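Notes for the one structure printed next.
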Amino acid sequence: MDSEPLLQQQLDHHQSLAYSNHSSSKILTLPTVLTLGRVAAVPLLIFTFSVDSWWGRTATTSIFMAAAITDWLDGYIARRVCFLPHPLVMRLCSAFGALLDPVADKLMVAATLVLLCSRPLNIAVFGQVPWLLNVPSIAIIGREITMSAVREWAASQNGKLLAAVAVNKLGKWKTATQMAALTILLATRDSSLGETGILVASGVIFLYLSAGLSVMSLVVYMEKIRKIL
């Protein structure tokens with residue numbers, strides 16, 4: 001007679017333990033670990049950028065490329081995998097990771113832009129036009145700060161506003177051109193590559209294209225919000 005309540009208590013206890021363990025394990029999912037790795041890589045990127053040697057320049061480019069690849073992987077999991085109703089899939093996705101992912105991206109991009117502006121490439125055109133990288137960098141960083149504030153405000157309002165500021169195709173193209181531009185500009189700091197004038201020019205063009213797409217996407221988001229309000 002008394003064994004049934006005792007058995008039920010034991011089952012309830014094991015279920016509560018399993019739930020607590022599952023909840024705690026949801027914090028450190030694979031995408032979240034990759035995102036935390038990108039955050040931790042920012043000070044490492046700053047250190048290697050300051051090292052004036054071939055390995056410092058190679059390490060800086062490699063760190064940024066690894067961050068870009070893990071960013072794409074996180075995005076792929078978020079878009080294609082997290083919506084699948086499967087227990088293994090649920091273990092890959094967490095609200096904490098979704099919150100941290102854009103923060104890690106903005107930190108890495110902003111740090112790289114500031115570093116490139118602080119120590120321009122040793123190319124003649126940069127001596128003639130010292131603000132060449134400053135203008136698109138300010139536009140990109142300013143847009144990211146503005147959109148972060150807008151998305152936080154939209155999340156506190158209603159679902160329509162939040163949907164209006166969801167990532168669109170312009171945002172995806174902005175990110176792609178941005179990653180390409182920064183990878184090229186970091187890689188061309190390596191003098192062992194020989195003549196890099198064409199590569200530098202392509203990197204600058206991609207950066208301005210990314211800045212233009214950044215401003216354009218911001219205008220599109222604001223127009224969507226204006227129509228809802």
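Just so you know, these numbers come straight off a predicted model, no measurement behind them. Nothing fancy with the numbering, it's 1 onward along the sequence.
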### Message
Tell me whether Met222 at atom CE has more than 12 heavy atoms from other residues, nucleotides or ligands lying less than 6.0 Å away.
### Response
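Enclosed.
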Output the distance between atom [atom1] ([X]) and atom [atom2] ([Y]), rounded to the nearest 0.5 Å.
| X | Y | atom1 | atom2 | value |
| --- | --- | --- | --- | --- |
| Ile138 | Trp131 | CD1 | CH2 | 11.5 Å |
| Thr58 | Leu186 | OG1 | CG | 11.0 Å |
| Met179 | Ile69 | CE | CD1 | 11.0 Å |
| Cys117 | Leu133 | SG | CG | 5.5 Å |
| Ile228 | Leu162 | CD1 | CG | 10.0 Å |
| Lys106 | Glu144 | NZ | CD | 4.5 Å |

### Verdict with reasoning, Leu213 to Thr175, per side chain to side chain contact (heavy atoms under 4.5 Å, CB included)
CA-CA 9 Å; Leu213 291 172; Thr175 301; over 6 Å; no
Looking at [X] and [Y], what are the two nearest heavy atoms and their distance?
| X | Y | answer |
| --- | --- | --- |
| Met147 | Leu218 | SD-CD1, 3.4 Å |
| Thr183 | Met65 | CG2-CG, 3.7 Å |
| Arg119 | Phe49 | NH1-O, 3.3 Å |
| Thr70 | Ala67 | OG1-O, 2.9 Å |
| Trp55 | Val51 | CZ2-CG1, 3.5 Å |
| Ser210 | Gln178 | OG-CB, 3.2 Å |

Which atom pairs, donor and acceptor, lie under 3.5 Å between side-chain atoms of residues 198-206 and protein residues at least two apart or in another chain?
from   : atom 1 : to     : atom 2 : distance (Å)
Ser202 : OG     : Ile198 : O      : 3.4
Ser202 : OG     : Leu199 : O      : 2.6

### Task
Determine the sole option in Ile140, Leu132, Val135, Thr177 for which the side-chain contact (heavy atoms from CB on, under 4.5 Å) test with Leu207 is passed.
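The side-chain contact (heavy atoms from CB on, under 4.5 Å) with Leu207 is passed solely by Ile140 among Ile140, Leu132, Val135, Thr177.
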### Query
Can you tell which of Val39, Leu45, Ile46 makes a side-chain contact (heavy atoms from CB on, under 4.5 Å) with Val42?
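Among the candidates, only Ile46 passes.
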#### Entry: Contact check, side chains of Thr60 and Leu115, non-hydrogen atoms, under 4.5 Å
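The answer is no; the side chains never approach within 4.5 Å.
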### Task
Check whether any side-chain heavy atom of Trp153 lies under 4.5 Å from a side-chain heavy atom of Leu161, and answer yes or no.
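In contact.
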### Task
Check for a donor-acceptor pair, side chain of Arg189 on one end and backbone N or O of Arg57 on the other, with a separation under 3.5 Å.
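Not at all, since once roles are kept as given, no pair shorter than 3.5 Å links the two residues.
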### Query
Is Val219 reachable from Leu209 through a run of I, L, V, M, F, W or Y residues, each pair having side-chain heavy atoms under 4.5 Å apart?
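No, Leu209 and Val219 fall in different hydrophobic clusters.
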### Query
Can Tyr208 be reached from Val109 by stepping across I, L, V, M, F, W or Y side chains whose heavy atoms are under 4.5 Å apart?
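Val109 and Tyr208: one cluster.
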### Task
Enumerate the residue pairs fulfilling side chain to side chain donor-acceptor pair (under 3.5 Å) with a member in residues 212-229, sequence neighbours excluded, ordered by first and then second residue.
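Applying side chain to side chain donor-acceptor pair (under 3.5 Å) to every pair that reaches into residues 212-229, excluding sequence neighbours, yields Arg143-Ser217, Arg151-Tyr221, Asn168-Tyr221, Glu223-Arg226.
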